[in-house]
Amino acid sequence: MPARLDKCATLHYWLGPEWCPFPEWAHCFIRLGWSLQLNAVDQQRAVIAVCVPHRGFVASFAALGAVLSEPLPEPTPEDVKRHFTLLLNLPDPLQSPTALTYLHTGRKIHGSFAGTVTRGATQFVKVCVQAKTPYKSGGLTHFVKEADAINLQIEPGIQPALGRHATGSALVPHSEFVNHFYGQDELHLLHVAARCRVGIIGRINALREETTQIRCAVPAKHAMTEGVLNDILRIRKFISDTDIPRVAIYGTRRDTGPSTDDRNATRLVIFDGADSYTKWGHYFPSANMLVVLDRTEAMFQEGLSQVNTRYYQRSGECQWLAATRIPARLDSTGFLELCR
Amino acid sequence: MIDLRTVDHLFELGAGGATRHASIKHGLFRDFSISINRLLNTLGDGAEEELWKRLLAPIKRYRFSLAGAPVPFNSEFLSIATLIEAARGRFSFYERAHLAAAKQLEIVLDLGVALQTCSDNPMRDFIAEQFPKGVTDGAVLLKDSRLIMQAQWCLRQHPATCMWPIVTAGQLKKETCYAHLLILGAARWFPEYVITAPRAPDTCVVRYSWIRDTMPNRRVFDHGPNPGDSNAKSVAIPYDPVEMLDAQDVVPQIDWAAIKQRALTNVEASFDDVPAKIAVIEGDFAVLLEDDEFATILTLELDTDEPTERVRRIPVHRIVPGMFIILRTTGGGDYILPIADKILGKTATYVRSCQREWKAQLRRAVAQSSLLEVSVRLLDAGSIRANEMNVRNWMSPRNIRTDDPKDFAAIMKVIGLERSTDEYWNAMAAIRQAHQRAGQQIRRVLLRQLQAVDLAILERDGRLEISLPDVDAGTLTAFRVIDLAPADQLVSSTKLNHPFPLGDTDAPHAPR
């Protein structure tokens, strides 16, 4: 995994007629995101706050580090068995339907749990992927056995909605840009083992531009391999339905907070600005936090004051913060606090 | 779209060297400035007396304006000649009030007269000396936005300074960078980001030698890997060992008591008074904003992610200095009312008369007894939310109807209009719907108008008139909020949202 972090050192961005290496502060935030996602302390969470002269790209870079830090382990037979048992024990579909996604022959198919069945000595999970019609047609159902169970994922918080067609959508192949960071053996796992564990609360349009329109590249054998940050980040609102999201994004101004499932699944939340932090800073019960405070923001002093107050209520010191080498000119603080 | 190179440049500037300081010496202006403080020291608490306050406020404001703008001392725009003349005419009053202070006042007035005849413009001369060939990529930061036009005109008169644009602090939040930025007056007059998130590699604070200033510390966290000195958050600038004035003392403070007095003139307490907060807004105006938990106001946000979010209605209690609020400046304070009436069409007269009728009856009932007694009678009549505060809200012309039909039915019963309950309820529903549609219409037109407006001008001047040709809403003006009064007071709801001019005694310059 650290190899992926090392590979970030080769990141470039397009500047006029040539490619330009990422600035040092960008690598600092990539390292910070990486460390925040990896360093978990039992029953405590880390809160890091950094003051910047402009908040542009900071959240994107930190999210990049966090996403790249996530291990993509090949599921062990025990993992597969545990997952299959979980599927077998899903609630009765007639009483409480469960939405599932099934990766099958290079496509992602939305389906609904339709119970279990045993044929001979083999148990199967039934996944209905097509709506039934009044003419007794439709209702295509896949029988998924344990060995294939890892391709079947539960979609929490979503009501299953079956369509007339059961073909699903083709999985987006990973670009060469993504291949630079992940080994060939990991690419398939990006579809099955990747999880959405990073959240950003901020300015959605600005983040969209930063992650989908700024041309980035890494050196390849003969030329630069081009891509955008979102090829790796896979931010939920900025990808197609077929992609597996790895970063969730929420607008600062939204009136309702992220869902309980999202809040519990998030391991790192990045507050892109003091306005996000002052509004949603207490919303995540256990996720590590990166608070980006833009000195020019109207809410800067309020955000700062809240960080300083939380510092005095801390439960411990953030020992690893120095290792992220945040430049001294960017004032920063870090501490641990008890999870709620 | 912001690009990575621009942000990288801003980070580079943030890491750049220390801000420069330049001290300007001018004997006459220094003597005048110091003499004012000597007079204040002589007066002590007496300086708060109306007699002295009325005289000293414009003089202090004159000093502040000159200390932070490249305008000549004899600028007609800033002239205090009439004031000096009037003070001389009433000198015996001052002598009777405080003999020692009057002697000191004489010195102030003499120096003031001398200054009024002096055409020196030391700030502009400084810029011209520093950059004799002129620059095309510099900017001058001004505290007092009232002086932008005058300062710009003065700079244009000199070949070395004619290319320098004037900017205000709000403009430095953007990504625009300059090669040289001259901060006029004192660093403490401006938001800290002007220094801590610089927008120029060469930033220089230009102040008069008699002003004692400090620089904000870039370390803001109480603790961290690079902790700041939590006891000293700012860095003092070396200064000449002569009589000095603190930068903050030069900034005229807002006289909330005087503004309150002006805002509440000829108003007697009544039952439909509402809690209000005084906001001092750009252009020497103040406004009373309803400070109820549910009161909202239309705001204009310049730094927004989504252009359609630029115009938003937000709770008044969330308004902070620096925000822009939108007020109706021609045709009364409520811009929703005329449009809503237009939407209501022919029924407007009838439904409005219904609204006036039940509110008048309710007010009468309260006047004959008390808010508490009416609340109790409403509860007895089946109301579920009647209490003194809610009854006060229901009486207000700004409130359309109760949220719950049971409360409305109880009111109608108590005021003797029980038979017309359904009729009145439906009329109020029509008004509410019309108000909502009017609000949406205004927002839509405002957003459309804003597309054609240079918002940089609003950021610089702090005020912008927006006419809405398609709707009959009069002229709306976006004002920057300078400061908010620390305490609320009860005012008549008819006084809300009407900007009123400040007098000479109330200077709209909050301490950052």
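Just so we're on the same page: letters track the sequence lines, and every chain starts at 1. Hydrogens, waters and symmetry mates are skipped; everything else that's a heavy atom, side chains included, is used.
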Inset, instruction - Could you tell me which non-hydrogen atom of B:D3 sits nearest to which non-hydrogen atom of A:I214, and how far apart they are? - result: CA-CD1, 4.3 Å

Inset, instruction - Using non-hydrogen atoms and a 4.5 Å limit, figure out which bit of A:E317 sits close to chain B: side chain, backbone, both or neither. - result: neither

Inset, instruction - First locate atom CZ of A:R203, then atom CD of B:E309, and finally report the distance between them rounded to the nearest 0.5 Å. - result: 12.0 Å

Legend entry - Between CD on residue A:E210 and CD1 on residue B:I2, distance to nearest 0.5 Å: 8.0 Å

Inset, instruction - Mark yes or no for whether A:D331, through its side chain, and B:F221, through its backbone, hold a donor-acceptor pair below 3.5 Å. - result: yes

Identify each donor-acceptor pair in which a side-chain atom of residues 7-19 of chain B lies under 3.5 Å from a protein atom, sequence neighbours left out, and give them as a table.
from	atom 1	to	atom 2	distance (Å)
B:D8	OD1	A:W25	NE1	2.8
B:D8	OD2	B:R5	NH1	3.0

Inset, instruction - Please check if atom CZ in A:R310 has more than 12 non-hydrogen atoms from other residues, nucleotides or ligands closer than 6.0 Å. - result: yes

Legend entry - Segment of A:F22 engaging chain B (4.5 angstrom heavy-atom cut-off): side chain

Inset, instruction - Counting only heavy atoms closer than 4.5 Å, note whether A:A26 contacts chain B via side chain, backbone, both or neither. - result: neither

Legend entry - More than 12 heavy atoms of other groups within 6.0 Å of A:E176 CD: no

Inset, instruction - State, yes or no, whether a side-chain contact exists between B:T196 and A:F300 at a heavy-atom distance under 4.5 Å. - result: no

Legend entry - Pairwise distance NE2(A:H54) to NZ(B:K173) - rounded to 0.5 angstrom: 12.0 Å

Inset, instruction - Find the one option among B:M323, B:R199, B:R312 whose heavy-atom pairs under 4.5 Å with chain A are most numerous. - result: B:R312

Legend entry - Residue-level contacts of residues 288-298 of chain A with chain B, using a heavy-atom cutoff under 4.5 Å: A:L293, A:R295, A:T296, A:A298

Inset, instruction - Hey, could you give me the CZ/SG distance between B:R219 and A:C51, rounded to the nearest 0.5 Å? - result: 9.5 Å

Inset, instruction - Determine whether A:Q301 and B:V220 make a side-chain contact, defined as any pair of heavy atoms from C-beta on separated by less than 4.5 Å. - result: no

